[in-house]
Amino acid sequence: MATVYRETTAPAGLGGVVRCLWEDAGRAPKRIVPDGCVDLVASGGEVFVAGPDTTAWTWDTPSGVRARGVRFAPGRAGDVLGLGADELRDQRVPLGDLWGKEGALLTERVLCGAASLTDLVAEHRTGRGDREIAELIARLDGGVSRVSVALQTFTTGERQLRRRFTLAVGYGPATYLRVTRFQRAIGLAGTAPDLASLAFSAGYADQAHLSRDCREFAGVQAREFFRAKK
């Protein structure tokens, strides 16, 4: 069965914290691959925090269930959730477990329609983000070939930057660079004539490099995975 998935832009005032809002009314199992983000999700009678992921996981939405989510911009989930993204890596954590009684009450408000996920984000936003980490993320997103290139010209020491990056994003700059490059390949898959061309366009050294990352991040062979993206 086809998946009905839709993304919309973040509401005014949350553009720096939220990458997008999304809705999914599909019933087909969905292969979720790493994207460097943390999501706040309402679905199936629960509200939970998902990610950041380092490998794929399969989500099968029950028939008739509509999922809604807020996808945080990379590095910004901690401004709302109040803890490092590295503590959430490869996990799905109910909001009640994360925030205790307050989280349980907020879950009830969201599920009964008394509040939206964006209301929750707006009410609990406490920080403005780390400017240096935001700049480092932008450099990595921009297609640099190596982390060492992205780290040039910062006044803060490399060790401290890497530690702060892991706290904010959920994993280190090297993993994030691989994830964002893989996401770039996904975005280009519909126009590339073959895997070798796709690898070159996305910034991989060669097709074998893309294939290794696909096996790690998507759990399937590159030919199978990218055929479904066309």
Side-chain angles (χ1 to χ4, degrees), residues 5 7-24 30 32-43 46-57 59 67-100 102-107 109-111 115-141 150 160-180 182-183 217:
Y5 176 80
E7 290 183 2
T8 54
T9 57
L14 293 179
V17 178
V18 174
R19 171 175 279 185
C20 69
L21 310 182
W22 57 265
E23 258 185 77
D24 191 347
K30 293 164 282 293
I32 310 298
V33 300
D35 61 1
C37 297
V38 176
D39 288 51
L40 180 63
V41 183
S43 177
E46 63 177 345
V47 176
F48 63 94
V49 177
D53 297 312
T54 59
T55 190
W57 60 287
W59 187 20
R68 296 164 288 145
V70 169
R71 181 160 299 138
F72 293 103
R76 298 304 303 273
D79 295 343
V80 175
L81 301 177
L83 77 166
D86 56 332
E87 297 184 50
L88 301 167
R89 185 168 52 238
D90 294 320
Q91 295 189 62
R92 317 286 167 253
V93 184
L95 193 61
D97 290 351
L98 199 66
W99 285 351
E102 181 186 10
L105 292 173
L106 287 169
T107 295
R109 288 181 61 202
V110 169
L111 294 178
S116 68
L117 292 175
T118 52
D119 291 335
L120 189 156
V121 172
E123 291 169 5
H124 290 79
R125 178 182 177 183
T126 59
R128 297 184 177 274
D130 185 320
R131 291 184 180 181
E132 286 189 311
I133 297 307
E135 173 61 24
L136 181 51
I137 289 171
R139 294 182 187 185
L140 295 170
D141 286 344
Q160 184 184 145
L161 273 177
R162 288 178 181 273
R163 180 184 59 78
R164 282 160 47 194
F165 190 99
T166 300
L167 183 70
V169 175
Y171 31 71
T175 299
Y176 181 82
L177 179 60
R178 294 177 61 212
V179 166
T180 196
F182 185 63
Q183 283 292 326
F217 292 141

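In terms of heavy-atom proximity, V47 sits nearest to A42 at CG2-CB, 4.1 Å. Summarising the geometry of L21 relative to P11, their closest heavy-atom pair is CD1-CD, 4.1 Å, with the distance given to 0.1 Å. The shortest heavy-atom contact between G15 and A10 is CA-CB, 4.1 Å. Closest of all the heavy-atom pairs between A50 and R92 is CB-CD, 3.8 Å. Nearest heavy-atom pair, A85 versus V38, reported as atom, atom and distance to 0.1 Å: CB-CG2, 4.3 Å.
For D119, the side-chain hydrogen bond (donor to acceptor under 3.5 Å, both in side chains) partners two or more places apart in sequence, or in a different chain, are S116. Contacts of A134 classified as side chain to side chain contact (heavy atoms under 4.5 Å, CB included), with partners at least two apart in sequence or in another chain: none. Every salt bridge (charged side-chain N to carboxylate O under 4.0 Å, His left out) that R178 has, sequence neighbours left out, goes to D213, E216. With sequence neighbours left out, the salt bridge (charged side-chain N to carboxylate O under 4.0 Å, His left out) criterion links E46 to no other residue. Take E87 and apply the salt bridge (charged side-chain N to carboxylate O under 4.0 Å, His left out) test, not counting sequence neighbours, and it matches no residue. W59 is linked by a side-chain hydrogen bond (donor to acceptor under 3.5 Å, both in side chains) to nothing, counting only residues two or more places apart in sequence or in another chain. Applying the side chain to side chain contact (heavy atoms under 4.5 Å, CB included) criterion to A104, with sequence neighbours excluded, gives no partner residue. The salt bridge (charged side-chain N to carboxylate O under 4.0 Å, His left out) search around D86 returns none, not counting sequence neighbours. Remark: A56 pairs with R31, V33 by the side chain to side chain contact (heavy atoms under 4.5 Å, CB included) rule, at least two apart or across chains. Every side chain to side chain contact (heavy atoms under 4.5 Å, CB included) that R125 has, sequence neighbours left out, goes to L14, V17, R76, V80.
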Listed pairs under 3.5 Å, donor-acceptor, residues 165-175 side chains, sequence neighbours left out:
from, atom 1, to, atom 2, distance (Å)
T166, OG1, R162, O, 3.0
Y171, OH, G36, N, 3.2
Y171, OH, D53, O, 3.3

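To the nearest 0.5 Å, atom OG1 of residue T180 and atom CG of residue L140 are 7.5 Å apart. Atom CG of L117 sits about 11.5 Å away from atom CZ of R109, to the nearest 0.5 Å. One distance of note links CD of Q183 with OH of Y176; it measures 9.5 Å at 0.5 Å rounding. Separation of atoms OG1 (T107) and CG (L98) is listed at 10.0 Å; rounding is to 0.5 Å.
Applying the salt bridge (charged side-chain N to carboxylate O under 4.0 Å, His left out) rule to pairs touching residues 127-141 yields D130-R164, E132-R164, E135-R139, sequence neighbours excluded.
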(Q) With side-chain contact (heavy atoms from CB on, under 4.5 Å) as the criterion, how do W99 and L81 come out once you've worked through the C-alpha distance, each side chain's angles and the decisive distance to 0.1 Å? (A) CA-CA 9 Å; W99 285 351; L81 301 177; 4.2 Å; yes
Q. F72 and D79: side-chain contact (heavy atoms from CB on, under 4.5 Å), yes or no, with the steps?
A. CA-CA 10 Å; F72 293 103; D79 295 343; over 6 Å; no
Q) Going through the distances and angles, do V18 and T9 end up as a side-chain contact (heavy atoms from CB on, under 4.5 Å)? A) CA-CA 9 Å; V18 174; T9 57; over 6 Å; no
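Residues V70 and L120 are not in side-chain contact: their nearest non-hydrogen atoms beyond the backbone lie 4.5 Å or more apart.
With respect to the salt-bridge test (charged N to carboxylate O, under 4.0 angstrom), the residues R19 and D35 do not qualify.
The backbone N or O of V41 sits nowhere less than 3.5 Å from a side-chain atom of D39 that would complete a donor-acceptor pair. Under a 3.5 Å cut-off, the side chain of D90 and the backbone N or O of T54 do form a donor-acceptor pair.
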